[in-house]
Every structure is written in structure tokens, then in C-alpha cells.
**Q** 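Have a look at the structure that comes next, please.
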Protein chains: 2
Amino acid sequence: MGDKLKNGKISDDCKRHFKAINDTLYILNGKWRVMIIACLASGKKRYLELQHIVEGIGPKMLSKELNKLELNGLITRTTLETRPVTVEYELTEYALSLKSLTDEMGAWGKQHREKVIKDLHSAGI
Amino acid sequence: MGDKLKNGKISDDCKRHFKAINDTLYILNGKWRVMIIACLASGKKRYLELQHIVEGIGPKMLSKELNKLELNGLITRTTLETRPVTVEYELTEYALSLKSLTDEMGAWGKQHREKVIKDLHSAGI
DNA sequence: CCGCATCCCTGAGGATACTG
DNA sequence: CAGTATCCTCAGGGATGCGG
């Protein structure tokens, strides 16, 4: 991927790579998708559980995002016929392929936080 | 990460993981950051090169995003004293740690596109 | 060539209240 | 409990023009 053609133009491989990244970005776009997926990656959850764990999200956004994720085949919705009803959301097999991405994000965020703290520290001295 | 505590609550490890993901999301937020980074990951680029490769971005957003990325220590800006001036943007050493993320996104997007096409295909039959 | 300033506007997202 | 409906805000982002 690290190659330009001699004439300074971007190679077709690169373009494809960028397109692919855009596809991913499109699926994960918005403020909440990744968090919802990451959250469900730790096991099936119910609606209110999600709303509590994904801090800041309101009911409207939550159901909207859940719908889109379901449409994209990333999660399944199961309604249990209890009284009152219980609904469980779960990642599909397919969505599991996103786990390496969310894990990567977690890892990067962790080390980034450490770096920022270290930088602040050495700036303070 | 796949563990809940017995009482159904989320473990502290999980919470830290989510926080870390949010940190990453914060750095990469917006429509353009990831693409800019991915683009620069294939070598230093000039302003107009970026604007051409990152399709759809306007000059305002581009410079705004470049500024933020520079503030976050992810890219460096080099002005060459030519006539007229030339400016080169380049990923910092640090930002290279994001390459695995963008690569992951590229890989996922690729196989996702293939899946979608396959699904459409079998739906067509 | 680079990229700021300005104006404008859409739609993502927030708050709240209500229903099956 | 699990959402939907409604209204509203605001900042992300588009378009254009100018200045170094």
C-alpha cells in the first residue's frame, strides 16, 4: 500500500484500499455504532442495558442505530414473550469479524491516553 | 473482555475498554480524519494532492482537519520556500501506530463488499 | 499553491413525553 | 420494558471568494 506510481499518481490498489476504508466508515458511521458493537461484543444485551452502558445515548438514537445495525446484518433482535416483554440484542456471527477492529481501537486508545498523560507530565516539569 | 460480572454488571475492565475506544473515536471523529490518515499513510502529500485523493472534501474542511491532526501530534506540516509555496503533510512516527487500524478497516471493508455482492447475487437467483 | 474568512444550511443528534 | 413521536438545537460541513 505504501507505493505511489512513478508519475506521482495514486495506484489503483491504493484507490481500492481507500474505497474499502470508506465502506467500513460508512457502516460504522455516526457517534454510536462502534460503541454499540463493542458493547455487544461482550455478550448479548437488552435495550436498557445498552442504554446504560453506552453513556449519553438517548432512546431515539439507540433504537435508530440498532435498526440500522440489524439492517446491515450485524446484530439480531430477539423478543422474549415475557411480561413485560424482553428484547435481546446480539452480534451476528458476521459482526464478530469487527471485533479485531474494536479491539484495535481499544488498544490504541489505551496507549494514546498513556502517551497524553506522559506528555502532560513532562510538559509540567 | 467477554466477561460480565455475576450480577450482570459490566466489569471495570470492560468500562476501561469502552473508554479507550471512545478516546480513539474522539481522535478519529468526523467524516474525514481516517481517510486523511490512510492517505498520508501511503507517503507524504501536498495540500492539493490530498484534496484530490480524499474525494469530496473541500478546502475548508481539509485545512481544518489537518490543523486538528497536527494539534494531536499525528501529522507534521512542512512549508517549502518555493514560488509559489509548497506544503507537505506527513504522518508522524506516532501516527504510524494507527496504520494497523486503517489497514484493518481496509481489510474489513474489502471482505464486506464481497459479502454484500455475494448476498445480492444469491438473492437474485 | 495554499488555505483562511464568510455565509448558509442540512441533518445528526438531544430532550421529553407518551404507548403497547 | 421497549420503544415511538415530536420538537428543537447546533455544529459539521458545503460553496464561494479573497489574500499571502
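The shown structure was predicted, so the numbers you read here are calculated from the model rather than taken from an experiment. Lettering of chains follows the sequences in order, A, B, ..., and the numbering in each one begins at 1. Computed from heavy atoms alone, side chains included, the values below leave out hydrogens, waters and symmetry copies.
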**Q** Distance check needed: dA2(D) P versus E49(A) CD, whole Å only.
**A**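 About 8 Å, once rounded to whole Å.
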**Q** Between P on dG20(D) and OH on Y47(B), what's the gap in Å once rounded to a whole number?
**A** 17 Å
**Q** Hey, which sits more toward the 5' end of DNA chain C by its nearest nucleotide, V85(A) or I57(A)?
**A**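 Of the two residues, I57(A) wins.
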**Q** What is the distance, rounded to the nearest whole Å, between atom NZ of K64(A) and atom P of dG11(C)?
**A**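 Spelled out: NZ on K64(A) to P on dG11(C) is 11 Å.
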**Q** Would you give the length of the straight line joining atom CG of L74(B) to atom CD of E90(B), rounded to the nearest 0.5 angstrom?
**A**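 Here the interatomic distance stands at 13.5 Å.
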**Q** Nearest to the side chain of L48(B) - dA2(D), dC1(C), dC4(C)?
**A**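 Looking only at heavy atoms from C-beta outward on L48(B), the closest nucleotide is dC1(C).
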**Q** Counting distance only, does the side-chain N/O of T76(A) pair as donor-acceptor with the main-chain N or O of T92(A) below 3.5 Å?
**A** no
**Q** Measuring from the side chain of M61(B) (C-beta onward, heavy atoms only), which nucleotide among dG14(D), dC2(C), dT4(D) has the closest atom?
**A**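 Shortest atom-to-atom distance from the side chain points to dG14(D).
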**Q** Of the options dC2(C), dT4(D), dG13(C), whose atoms approach the side-chain atoms of T86(B) most closely?
**A** dC2(C)
**Q** What is the distance from CG of L25(B) to C1' of dA12(C), rounded to the nearest Å?
**A**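 After rounding, the gap between these two atoms is 15 Å.
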**Q** Would you tell me if any nitrogen or oxygen in the side chain of Y89(A) comes within less than 4.0 Å of OP1 or OP2 on dG3(D)?
**A**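 True: Y89(A) side-chain N/O within range (under 4.0 Å) of dG3(D) OP1/OP2.
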**Q** Please compare E65(A) and P59(B) by the position of their nearest nucleotide in DNA chain C and report the one closer to 5'.
**A**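 Closer to the 5' end of DNA chain C: P59(B).
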**Q** E81(B) CD to dC2(C) C1': how many Å, rounded?
**A**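 Going from E81(B) (CD) to dC2(C) (C1'), I get 12 Å.
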**Q** Could you go through the salt bridge (charged side-chain N to carboxylate O under 4.0 Å, His left out) check for E65(A) and R33(A) one step at a time?
**A** CA-CA 7 Å; E65(A) 296 302 297; R33(A) 305 262 172 94; 2.5 Å; yes
**Q** State the CG-CD1 distance between L28(B) and I36(B), to the nearest 0.5 angstrom.
**A**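 Answer rounded to 0.5 Å: 11.0 Å.
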**Q** Answer yes or no: does a side-chain N or O of N29(A) lie under 4.0 Å from OP1 or OP2 of dA12(C)?
**A** no
**Q** Rounded to whole Å, how long is the line connecting atom CH2 of W32(A) with atom P of dG13(C)?
**A** 8 Å
**Q** Choose from dG14(C), dC4(C), dG3(D) the nucleotide whose nearest atom is closest to any side-chain atom of S63(B).
**A** dC4(C)
**Q** Categorize R83(A) for me: base, sugar-phosphate, or nothing, with a 4.0 angstrom heavy-atom threshold over every strand shown.
**A**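 R83(A): no heavy atom of the nucleic acid under 4.0 Å.
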**Q** Calculate the interatomic distance between K31(A) atom NZ and dA11(D) atom P; express it in whole Å.
**A** 11 Å
**Q** Regarding K44(A) and the six-membered ring of Y89(A), is the cationic atom NZ or CZ under 6.0 Å from the ring centre and inside 45° of its axis?
**A**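 Verdict for Y89(A): no cation-pi partner in K44(A).
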**Q** Does K60(B) get its side chain close enough to the base of dG13(D), under 3.5 Å, for a donor-acceptor pair?
**A**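 Looking at the base of dG13(D), it does pair with a donor or acceptor on the side chain of K60(B) (distance under 3.5 Å).
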**Q** Nearest whole angstrom, please: distance from the C1' of dA11(D) to the OH of Y26(B).
**A**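 Result: 14 Å.
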